[in-house]
Novice: 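Below are the structure tokens for one structure; questions will follow.
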Amino acid sequence: LRAVQILSRIHRELGVELGLHDLFGNATIAELAQVVMVKERAAGYAPIPLVAARPYYELSHGQRRLWILSRFAEGSLAYNVAGAYRIKGRLDIGSFKRSLKRIIARHESLRTVFITVDGVPVQKIIATAEFDSEIEEYDIRGVDGRYQARAELETVFDLSGGPLLRTKLLRVEEEEYVLLLTLHHIITDGWSMEVIMRELMQLYSWYRRGEEDKLAPLQLQYKDYAHWQNELLRSGSMEAHRTYWLNQFKGNIPVLELP
């Protein structure tokens, strides 16, 4: 992820398009600077365009990979991404629920399901008004909460039916809670979980004080990235990168010997 971010920033700031092999093959800033200098300057940084609204959208290659894996191992819990967050102090339940609903409305990925149309997997974004974003509450004061947490972790997601996000709020003491947040990996990753929790806490802080949402509007949604990625991979500009990796893995591919 950090490597891709570096390449994106070089492209944006310097107008030079590099590949991962350029980055990994030049271990110092001095070496990388030489590569940048000899590369022809591109026409300039091209931001990801917004895709026109439609009933369904293409999957990114990462989503397609996870969709295929889920078909191989239906009922698997391997791609459940879960977090348990302890909250101490007096909790304003109303503001907390409002914050969570705002997060779900803000990020389309959290309202996405994956269906097949004419045999092809696509992503469908559920409208905010049609998405059930209610948080489940359980008062387990004096009770061992590990059962609820384990049951949550061991519940399979239905990629086509959704939702692919589940939230539970466990009250374990008078002023202590545990938020269970579980998502399928096809709509999130570790980086995204940090974003979700950071924005959730920011919103809760504002709402609890009677203030309005101050988060900057999102310029892109994941469907825009997925469309851009597929268009890029269909273009001729990727041929040099494709040729590089095909050459890397032609012939006898070395095997990593792990116990």
Side-chain angles (χ1 to χ4, degrees), residues 1-9 11-12 45-70 79-81 83 97-117 120-135 157-167 181-204 206-207 212-235 238:
L1 284 174
R2 293 191 186 281
V4 172
Q5 284 191 329
I6 291 172
L7 293 179
S8 177
R9 290 174 183 173
H11 186 194
R12 183 176 66 240
Y45 175 72
I48 295 175
L50 298 177
V51 63
R54 58 191 67 170
Y56 316 109
Y57 301 91
E58 288 184 284
L59 272 59
S60 71
H61 276 233
Q63 288 175 323
R64 188 176 294 114
R65 180 171 61 250
L66 285 167
W67 184 85
I68 292 171
L69 288 171
S70 72
Y79 296 101
N80 282 20
V81 179
K97 288 183 176 180
R98 183 185 175 193
S99 303
L100 185 62
K101 288 183 177 181
R102 177 70 185 97
I103 291 290
I104 294 172
R106 174 176 168 82
H107 296 280
E108 291 178 350
S109 291
L110 303 180
R111 295 181 276 111
T112 299
V113 295
F114 298 84
I115 61 175
T116 55
V117 176
V120 177
V122 295
Q123 53 180 316
K124 178 181 179 181
I125 300 168
I126 308 301
T128 304
E130 300 173 8
F131 189 86
D132 182 8
S133 58
E134 290 298 326
I135 186 170
F157 282 107
D158 176 6
L159 295 189
S160 61
L164 303 183
L165 159 71
R166 295 193 296 264
T167 54
L181 191 62
T182 313
L183 302 88
H184 194 282
H185 190 26
I186 201 169
I187 66 166
T188 193
D189 56 17
W191 195 295
S192 302
M193 294 290 277
E194 292 183 12
V195 173
I196 291 171
M197 290 308 300
R198 182 173 66 247
E199 291 188 353
L200 181 64
M201 293 299 100
Q202 288 175 333
L203 288 166
Y204 174 73
W206 291 326
Y207 291 158
E212 292 303 312
D213 175 2
K214 301 175 186 177
L215 293 177
L218 295 176
Q219 300 301 311
L220 294 170
Q221 296 285 348
Y222 192 80
K223 70 177 188 297
D224 302 309
Y225 164 76
H227 179 77
W228 169 83
Q229 183 194 58
N230 283 295
E231 288 294 300
L232 185 65
L233 293 172
R234 283 191 286 261
S235 71
M238 288 291 103

Novice: Spell out, as yes or no, whether a donor-acceptor pair under 3.5 Å connects the side chain of Gln123 to the backbone of Glu58.
Specialist: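 Checking the backbone N and O of Glu58 against the side chain of Gln123, a donor-acceptor pair under 3.5 Å is found.
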Novice: Taking atom CZ of Arg166 and atom CG of Asn80, what is their separation to the nearest 0.5 Å?
Specialist: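 So the gap between those two atoms works out to 6.0 Å.
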Novice: Decide side chain to side chain contact (heavy atoms under 4.5 Å, CB included) for Arg98 and Asp213; before the verdict, give the C-alpha distance in whole Å, the side-chain angles of both, and the deciding distance to 0.1 Å.
Specialist: CA-CA 11 Å; Arg98 183 185 175 193; Asp213 175 2; over 6 Å; no
Novice: Just how far is it from atom OG1 of Thr112 to atom NZ of Lys124, taken to the nearest 0.5 Å?
Specialist: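 Here the rounded value is 11.5 Å.
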Novice: Can you tell me how far CZ of Phe114 sits from CG of Asp158, rounded to the nearest 0.5 angstrom?
Specialist: 12.0 Å
Novice: Roughly how far apart are Glu134 CD and Ile104 CD1, rounded to 0.5 Å?
Specialist: 9.0 Å
Novice: Apply side chain to side chain contact (heavy atoms under 4.5 Å, CB included) to Gln63 and Ile187, showing your working.
Specialist: CA-CA 8 Å; Gln63 288 175 323; Ile187 66 166; 5.6 Å; no
Novice: Working note: Gln221 + Tyr57, criterion side chain to side chain contact (heavy atoms under 4.5 Å, CB included); need CA distance, chi angles, decisive distance, verdict.
Specialist: CA-CA 12 Å; Gln221 296 285 348; Tyr57 301 91; over 6 Å; no
Novice: Taking the side chain as every heavy atom from C-beta outward, state whether Leu1 and Gln5 have any atom pair closer than 4.5 Å.
Specialist: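 Side-chain contact under 4.5 Å: no.
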Novice: His107 side chain to Ser109 main-chain N or O, any donor-acceptor pair under 3.5 Å?
Specialist: no
Novice: Please report the closest heavy-atom contact between Leu59 and Ala226, naming both atoms and the distance.
Specialist: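 Reported closest heavy-atom pair: C-CB, 4.1 Å.
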Novice: For residues 224-233, pull every pair meeting salt bridge (Lys or Arg N to Asp or Glu O under 4.0 Å), keeping only residues two or more places apart or in separate chains.
Specialist: Glu231-Arg234
Novice: Return the minimal non-hydrogen interatomic distance between Val51 and Arg54, and the atom names on each side.
Specialist: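 The answer is CG2-NH2, 3.4 Å.
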Novice: What are the two closest non-hydrogen atoms of Leu50 and Gln219, and how far apart are they?
Specialist: CD2-O, 3.2 Å
Novice: For the residue pair Ile196 and Leu183, establish whether any side-chain heavy-atom pair is separated by less than 4.5 Å.
Specialist: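 Of all side-chain heavy-atom pairs linking Leu183 with Ile196, at least one is under 4.5 Å.
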Novice: Roughly how far, to the nearest 0.5 Å, is the CD atom of Glu199 from the CG atom of Leu215?
Specialist: 5.0 Å
Novice: Looking only at heavy atoms, what is the nearest atom pair of Pro163 and Phe157, with distance?
Specialist: O-CD2, 3.5 Å
Novice: Give, for atom OH of Tyr207 and atom NZ of Lys97, the distance between the pair rounded to the nearest 0.5 Å.
Specialist: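 Here the rounded value is 15.5 Å.
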Novice: May I ask you to test the Ile115-Ser160 pair for a side-chain heavy-atom distance under 4.5 Å?
Specialist: yes
Novice: Any side-chain donor-acceptor pair under 3.5 Å between Tyr222 and Ser60?
Specialist: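 Short answer, yes.
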Novice: Tell me, please, whether Phe131 has Arg111 positioned over its six-membered ring: NZ or CZ under 6.0 Å from the ring centre and within 45 degrees of its axis?
Specialist: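 Not satisfied by the 6.0 Å and 45° rule.
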Novice: For Lys101 and Ser133, which heavy atoms make the closest approach, and how far apart are they?
Specialist: CG-OG, 3.3 Å
Novice: I'd like to know if Glu212 and Arg102 make a salt bridge, using a cut-off of under 4.0 Å between side-chain N and carboxylate O.
Specialist: no
Novice: Hey, mind stepping through Leu165 and Leu181 against side chain to side chain contact (heavy atoms under 4.5 Å, CB included) and telling me if it holds?
Specialist: CA-CA 7 Å; Leu165 159 71; Leu181 191 62; 3.6 Å; yes
Novice: Report yes if some heavy atom in the side chain of Arg106 is under 4.5 Å from a heavy atom in the side chain of Leu203; otherwise report no.
Specialist: no
Novice: I want to check something: taking the side chain as every heavy atom from C-beta on, are Leu164 and Leu159 in contact at a cut-off of under 4.5 Å?
Specialist: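 Yes, close enough: below the 4.5 Å cut-off.
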Novice: For the residue pair His185 and Tyr79, does the interplanar ring angle fall in the parallel (under 30°), tilted (30 to 60°) or perpendicular (over 60°) class?
Specialist: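 Geometry flag for Tyr79 against His185: parallel rings.
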